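A short worksheet on the structure shown next.
Computed from a predicted structure; not experimentally measured.
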Amino acid sequence: MKTPTLVAALAAAPFAPEAFAQSADAALTLGKVDVHQHSEGQLSAHQVLTSVDVLGADQIESRNVSHSWELLGQMPGIQLTETRQGAESGKVSFRAFNGEGYLNAIKTLIDGIPSNVNSGNQRFIDMLFPLEISYIEVVRGTNDPRYGLHNIGGNVNFGTRQGGTYTDARLAYGSYDTRDMQLAVGREANGVAQNYFVGTQASDGYRDHDSSKKYSLGGKWFFGSLEDGLRIGLTARAYHHEADEPGFMTAEELHAGRRRSDLRNANDGDDRDMRQFAAHLDMKLSDAVTFGTRLYYNRYEDDRRVTFSDLPTGNLPRQRRLWDERQAGLLGTLTWQASPMLTVEGGLNYEQQDNGYIRERYAYAEPTDFSRPPARVQNNDRHSFDNWGAYVQAIYQPADAWKIVPAYRVDRFSGHTRLMNGATGRLQDYGSIGQPKLSVIHSLGEHTHIYANWGRTFQVLTGSTAPAYLTPGQAPMQPSTNTGMELGLKFQPFAGSQARLAVWQQDAENEVSNMPATGTTVTLGKTRRRGMDAQISAQLGDAWTLWASHAYQEAKITRDDRAPGVSLQGREVAATPRHISNLGLDYQASDALQLGLQARAQGDYYLEERNVTGKFGGFAVLDLSARYQITPAWSVDLQLKNVTGREYAYAWYDSFFWDSARPMFSPAPGRSVFVGLNMKL
C-alpha cells in the first residue's frame, strides 16, 4: 500500500479553461487516484459539486474483503449494513439513510453505468474485485443533477482501470480457509487500449454453513481518443456466485455460539449471476463542444433460499426468491464551453426494465430442500419500469474566487404489471418530477473555500405490486420529494493537510418505507435528516500519513401520515446510527516496509420505527497491516482484521408475526489474519 497523498480528485476535462482548473474545489481525496488520461469530455463531479470524496487505488487494491462494498468503510460518514448472508452480503448508505432495503437512497454506478437493481439494492457492486478498481467516488447530498432514480441521498461511482500497460496479480490466503486470486492486465498502443480482469474467491466462512465461491470476468476495449476527435469503446463484465446462508440468530442463539448455524437454515443458500455490457462513444464536435453517449445492458438473475427465523408457532417464514431483471438504457451528454466564464452541459437518460419476480413461501416446521411444492406462492409477477430523465447545469465563474452552479432535472416514469391472479395495473402516475439545484463555492484563499448547496431529489416506489402499481383498489400516490441543503468549509489547517467541516439537512415529504421481506410498505410521512461532518487528511513529515473523520447524524419522523393508530411522530427512523467515525494511520518505516492502522466505529440504533426494541448495532473495530516491498515488482502484505476480537453483530427486527416480533442477529467475523503476495509488471 503506497503512502496516501493529497491530490486533485480527478483530472479536469481537457477543454476546461485555466480558470476552472484553478478555481475552488471542495472535493477531498484519500490515496492516489491514477486516472489514465482518457477524459470523456463531460464535467467531472469535483468540478461542479461540493460534497465529494474520492478513495484512490492504493487504498483499495490490496485490501482483503469478502465484497467490494466493504471498501467504502474507509471513507467518511459511510454506514455499512453487514447482513453477511451468503450472496446477500450487505450494502452502503450515508446521510442518515439506512441500508435495510426499506429505502434504498444511494445511486450506484460502475464506470458511470447505472448499477442498482429495481429495488435500489446495490448487488452489482459484488461484480468488482479490489485489484480492478481505480477509484471510488462518493457524492453526498441533493445537488447532483446527473442522476434521478435512486439518487435520493447521493451516489457512488466505482471507476475501474482504463488504459495503460501493466500486468498486476494478487494471491491471498487467510482465516476461514479464504483463497483469493486476482489478475489485471492492460495493454495500450497505437490508439487501442485493452484492459482485462479475472478474479476468484472461495471461503469456508466465519460461521457454520457459510461457504462461498465466486468469480468475475471483465474486459474493456477502446479505440481512438477524444483529443483526436473520436473515441469508441466496449465494456463487458460477468459474475457468478454460489453461497450458503448461515441464517439469522436469536439473542439466545447468539449467546450460545456465534459461529453456529441452526438446523432450520441447513438448506438456505443463493445462486446468483450478473452481467453488464456497455458501448461508449465520445466525440469532440468542435473546440468548444463535446458529445458523449453510453448504451448499456444489465442482467440480474438470482435464486435465493432463505429462512428468516424459528417462531414458536412452527409457521416459519421460509422463502424461495427468484429474480430475473433486465435493464437496457442510454445516457447522453452535450457539453459546451460558451466562454472562459461559462460552461453549460445538458444530459438525457432512458432506462427500460423488464423485471420478473417469484417469491414462494413455505410453512414447514422442519428444514426443507426447497424441492417440495410450496404451501403458497406469494408473488409470481412480471412488471416493466421505464424512466426518462433530462438535466441541464452550468458552471458560471464571474471571478476566480467564485463558482456558481445552477441546475435543473426532470424525470418521468411509466410501466405496467401483471400479477399471478391475472390482475393488471399501470405504474403510479407521478407526472414530471422537477428537481431544481444550486451550488456556490467562494474561495477565501488558495486553500480555503466556503461552499453551500441546495437541491431537491425524489423517491418513487418500486416492486411489482401495490402501492407502486395502480392495481384494483390502490389509490393514487405522489412521489416523495427530498429537499436538502448544506453549508461547508474546506481548508488547510497546516501545510500538507486538507480538512472539511459541513452541516446539512434534508427534509422529505410523503416518505414510504418498503418492507421487502413481507412485500408491504410503511408510510412514514414527513422526515427530517440532519447532521454534521468533520474530516481531515494530513501528511505528517516524510513518514506519517493520517486521516480521520466523524459524522454526527439523526433521522426523525416529523409528521406521521399513517392511518390512525400508534403515532410515529418524533420517533427515529429505523437503523440510523447517531455517529460514524473513521481513523487511519500509515507509517513508512523504511523504503521497503510500511505499517498501517485503521479503525472505524458506529453507534447503536433502533431496529424499527416505533423505537420500542432498544438499540443495537454499535461497534468499534481496529485493523492492522504491514507491507514489505521485496523487489520493485514483488511485495507481500499481512493484514490483521478486528485485532481486538470485538464481538459485534448486525441486527434487524423480525416482524413477520407481530405477536412474536423480536431482534435477530448476524454476527460479524472475529479476529482474522490474511497474507497476500502481489506482483506488478
Side-chain angles (χ1 to χ4, degrees), residues 9-10 20 23-28 42-54 75-78 93-97 105-109 112 114 137-157 333 335 342-347 349 389-397 402-411 433-443 449-459 479-490 500-509 528-533 535 551 553:
L10 292 173
F20 286 169
S23 63
D25 182 346
L28 290 184
Q42 59 261 40
L43 298 172
S44 60
H46 86 285
Q47 285 180 278
V48 294
L49 303 172
T50 46
S51 190
V52 180
D53 288 287
V54 183
M75 301 186 74
I78 300 292
S93 57
F94 47 80
R95 287 290 161 97
F97 288 97
I106 309 303
K107 183 77 171 182
T108 306
L109 306 107
E137 180 183 71
V138 175
V139 178
R140 296 178 179 82
T142 58
N143 65 322
D144 187 352
R146 297 173 299 170
Y147 315 111
L149 180 64
H150 305 310
N151 190 41
I152 306 171
N155 55 79
V156 179
N157 182 39
T333 59
T335 309
L342 178 66
T343 297
V344 181
E345 180 174 274
N349 76 272
Y391 74 90
V392 61
Q393 67 178 345
I395 298 180
Y396 176 57
Q397 190 167 348
W402 286 93
K403 183 188 289 186
I404 303 171
V405 186
Y408 190 83
R409 181 179 176 90
V410 62
D411 280 271
I433 307 173
Q435 304 140 67
K437 303 167 189 290
L438 177 65
S439 302
V440 178
I441 307 178
H442 177 56
S443 297
H449 312 295
I450 296 176
Y451 68 89
N453 65 66
W454 176 93
R456 183 166 295 153
T457 57
F458 67 90
Q459 173 202 9
S480 170
T481 57
N482 195 300
T483 304
M485 62 190 72
E486 181 176 0
L487 178 64
L489 173 67
K490 176 186 173 182
R500 183 163 61 203
L501 296 173
V503 292
W504 57 270
Q505 180 173 296
Q506 294 185 206
D507 291 307
E509 293 279 355
R528 168 166 289 180
R529 293 173 170 86
R530 59 184 179 181
M532 180 182 69
D533 298 334
Q535 58 194 103
Q553 59 183 25

Fill in: side chain to side chain contact (heavy atoms under 4.5 Å, CB included) assessment of E137 paired with V52
CA-CA 7 Å; E137 180 183 71; V52 180; 4.0 Å; yes

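- Judged by the 6.0 Å distance and 45° axis criteria, R95 is positioned over the aromatic ring of W504.
- The backbone N or O of Y147 lies less than 3.5 Å from a partner atom in the side chain of N151, making a donor-acceptor pair.
- In this structure, L149 CG and T457 OG1 are separated by 11.5 Å, a value rounded to the nearest 0.5 Å.
- Side chain of R500 to backbone of Q535: no donor-acceptor contact under 3.5 angstrom is found.
- Smallest separation of non-hydrogen atoms from A551 and D533: CB-OD1, 3.5 Å.
- Annotation: side chain of V344 is in contact with side chain of V392 (closest heavy-atom distance under 4.5 Å).
- Atom CE of M485 is surrounded by more than 12 heavy atoms from other residues, nucleotides or ligands within 6.0 Å.
- Put simply, CG on N143 and CG on N453 are 4.0 Å apart, with the number rounded to the nearest 0.5 Å.
- Between F458 and I152, the closest side-chain pair of non-hydrogen atoms is not below 4.5 Å.
- Shortest non-hydrogen contact noted between D53 and P76 is OD1-CG, 4.2 Å.
- The nearest pair of heavy atoms linking Y451 to A502 is OH-CB, 3.5 Å.
- Residues T481 and E509 have side chains that never bring a donor and an acceptor to within less than 3.5 angstrom of each other.
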Worksheet item: Between W402 and V440, does a side chain to side chain contact (heavy atoms under 4.5 Å, CB included) hold up when you go through it step by step?
Response: CA-CA 7 Å; W402 286 93; V440 178; 3.7 Å; yes

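- Rounded to the nearest 0.5 angstrom, F94 CZ and S51 OG are separated by 8.5 Å.
- Atom NZ in K490 sits 14.0 Å away from atom CD1 in I450 (nearest 0.5 Å).
- By the 4.0 Å N-to-carboxylate-O rule, D507 lies too far from R456 to be salt-bridged with it.
- Between R528 atom CZ and T483 atom OG1 the span is 11.0 Å, to the nearest 0.5 Å.
- Side-chain atoms of N157 come within 3.5 Å of backbone N or O of G112 as a donor-acceptor pair.
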Discussion item. Applying side chain to side chain contact (heavy atoms under 4.5 Å, CB included) to M75 and V156, what does each step give before you reach the verdict?
Written reply: CA-CA 11 Å; M75 301 186 74; V156 179; over 6 Å; no

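- The CD atom of Q393 lies 7.5 Å from the CZ atom of R146; values are rounded to the nearest 0.5 Å.
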Fill in: Chi angles and distances behind the side chain to side chain contact (heavy atoms under 4.5 Å, CB included) call for T335, T343
CA-CA 7 Å; T335 309; T343 297; 4.0 Å; yes

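- With 3.5 Å as the limit, one finds no donor-acceptor pair spanning the side chains of Q435 and Y391.
- Put simply, the side chain of Q553 gets close to the backbone of A96: a donor and an acceptor are under 3.5 Å apart.
- Using a 4.0 Å cut-off between charged nitrogen and carboxylate oxygen, D144 and K437 do not count as a salt-bridge pair.
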